[in-house]
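Written out below as structure tokens is the structure these notes cover.
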Amino acid sequence: MDEFQRSWLLAQLGPDSDPADLERRFFRLRSVRAVALEVLGERRAKLLADPLKVTVDGVVTMDLQENLRGMERQIEQVRQIASPEGSDDQDEADEMLGVTWLLPTRRYR
């Protein structure tokens, strides 16, 4: 992973993300977008594992539903914006153009 890709990941995931962990994920996944989506997916799963709303009558109310919505918006944003790699494999498959030459053949018997 080069410095540009690392800085893009830190911009998407926050500056307190562990660069060594991001490096290991990139080595396994080979895509900075896949790394970002995996980290954001884990953060979303962590939010869903705990109750989203806790109320102690007359003392405190904690509501994490907006955090979950924000996480889902961030996941969609990472899917849609351009990554430092250029286009992903799926985009390349959509833009691939094949060219072939058609030549008349002569068949002899």
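In this chain, numbering begins with 1 at the start of the sequence shown.
Salt bridge absent: E38 and R43 never bring a charged side-chain N and a carboxylate O closer than 4.0 Å. Using a cut-off of 4.0 Å between Lys/Arg side-chain N and Asp/Glu carboxylate O, R79 and E76 are scored as salt-bridged. K46 and D50 are not joined by a salt bridge, as no carboxylate oxygen comes within less than 4.0 angstrom of a charged side-chain nitrogen.
Taking the side chain as every heavy atom from C-beta outward, D16 and L10 never approach each other to under 4.5 Å. For the pair V32 and S83, the minimum side-chain heavy-atom distance is below 4.5 Å. Counting heavy atoms from C-beta on, the side chains of V35 and L9 come closer than 4.5 Å. A 4.5 Å side-chain heavy-atom check between R24 and D18 finds at least one atom pair inside the cut-off.
In this structure, the separation between CD on Q80 and CD1 on I75 is 12.0 Å, given to the nearest 0.5 Å. Remark: E42 CD to L47 CG distance equals 12.5 Å, nearest 0.5 Å.
Applying the side-chain hydrogen bond (donor to acceptor under 3.5 Å, both in side chains) test to every pair with at least one member in residues 5-14, sequence neighbours left out, gives these pairs: E3-R6, R6-E23. Counting only residues at least two apart or on different chains, no salt bridge (charged side-chain N to carboxylate O under 4.0 Å, His left out) pair has a member in residues 51-64.
Residue L68 comes nearest to L52 through the heavy atom pair CD2-CD1, 3.7 Å, listed as atom of the first residue, atom of the second, then distance. A pairwise comparison of heavy atoms in L13 and A36 identifies CD2-O, 3.9 Å as the closest pair. The two residues M1 and L22 make their nearest non-hydrogen contact at CE-O, 3.4 Å. Shown here for V78 and L40, the closest heavy-atom pair between the two residues is CG2-CD1, 3.7 Å.
Both L29 and I81 belong to a common hydrophobic cluster when Ile, Leu, Val, Met, Phe, Trp and Tyr are linked at side-chain heavy-atom distances under 4.5 angstrom.
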